Peer 1: 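I am attaching a structure below and will ask some questions about it afterwards.
All figures in this text were calculated on a predicted structure; none of them were measured in a lab. Numbering of ligands and ligand atoms starts at 1, following listing order.
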Amino acid sequence: MKVIIDSAERIAAMAAQQYVALLKRKPNAILGGATGSTPLGLYAELVRLNKAGEISFKDASSFNLDEYVGLDGTHDQSYRYFMDHNLFDHIDIDKTRTHVPSGIDVSDPAAYDKQIEAAGGVDLQLLGIGNNGHIGFNEPGTPFGSLTHIVELTESTREANKRFFNSIDEVPTHAVTMGIKTIMNARSIILMAIGSSQAEIVKKFIQGPVTTDVPASILQLHPFVEVYLDEKAAALL
Ligand code: F6R
């Protein structure tokens with residue numbers, strides 16, 4: 001893994017340049033999207049670059065990591081809504097080629113893997129990391145061989161995400177997420193972490209053993225991962 005440490009602003013700008021390079025080399029690249037607070041700076045930078053004519057998404061496609069079960073794309077806490085409002089509505093991507101797993105039709109989650117494969121596979125997967133080491137919503141204990149599946153969210157994840165809802169009772173109990181194998185199938189991966197609350201888990205997943213107790217630790221075995229950290233998230237390395 002290559003680890004890059006700088007200010008939150010600079011890591012967003014540097015990560016965005018990886019998208020510029022990829023889309024220049026491969027205009028129809030397949031991008032793996034993430035939600036949450038961490039990618040917001042990167043998405044704002046991609047919007048800026050797109051408006052400035054320095055990057056085009058017009059032939060690109062995207063597949064997002066995850067979605068809450070029970071929320072449709074019009075719900076303002078759904079991940080489809082998040083992606084539309086923070087990225088897709090502001091760039092020149094063809095919305096019909098943007099994919100977020102359905103939180104409503106969850107009859108065959110692994111069909112998402114087949115869809116990704118049929119599209120040619122993810123070129124660049126973006127990840128944040130949960131305080132418990134989750135990537136996507138693959139909580140500790142998830143088998144490394146997992147494909148897209150339904151998960152029951154841990155109390156700590158629901159607690160962490162309740163800030164976006166009126167109360168904890170409104171936070172969905174389940175989500176559909178790409179599996180760890182789905183994520184590892186991506187040709188390249190960027191993981192971003194910002195802030196001191198992530199410092200402990202950042203140290204564990206980079207410098208600790210590869211274990212299902214820390215799902216992100218599997219990334220140590222991926223051939224092309226870049227980890228972008230701000231100084232606070234990198235403080236314990
Ligand atoms: C989001 C996702 C999650 C988040 C993680 C960090 O699609 O899959 O794994 O990346 O929970 O969230 P933030 O960025 O809000 O700290």
Peer 1: Heavy atoms under 4.0 Å from ligand 1: which residues qualify?
Peer 2: Ala34, Thr35, Gly36, Ser37, Thr38, Leu65, Asp66, Gly128, Ile129, Gly130, His134, Gly136, Arg163
Peer 1: Can we say Lys95 and Asp84 salt-bridge, meaning some charged N sits less than 4.0 Å from an Asp/Glu carboxylate O?
Peer 2: yes
Peer 1: Applying side-chain contact (heavy atoms from CB on, under 4.5 Å) between Leu22 and each of Ile55, Ile30, Leu31, report the one that passes.
Peer 2: Leu31
Peer 1: Mind checking side-chain contact (heavy atoms from CB on, under 4.5 Å) for Glu170 and listing every partner two or more places apart, or none if nothing turns up?
Peer 2: Phe165, Asn166, Ser167
Peer 1: Glu159: what forms a salt bridge (Lys or Arg N to Asp or Glu O under 4.0 Å) with it, not counting sequence neighbours?
Peer 2: Lys162
Peer 1: For Phe137 and His134, I'd like to know if the aromatic rings sit close, meaning centre-to-centre distance below 6.0 Å.
Peer 2: yes
Peer 1: Filter on ring-ring contact (aromatic ring centres under 6.0 Å, His included), then keep only pairs touching residues 190-237, sequence neighbours left out; what's left?
Peer 2: none
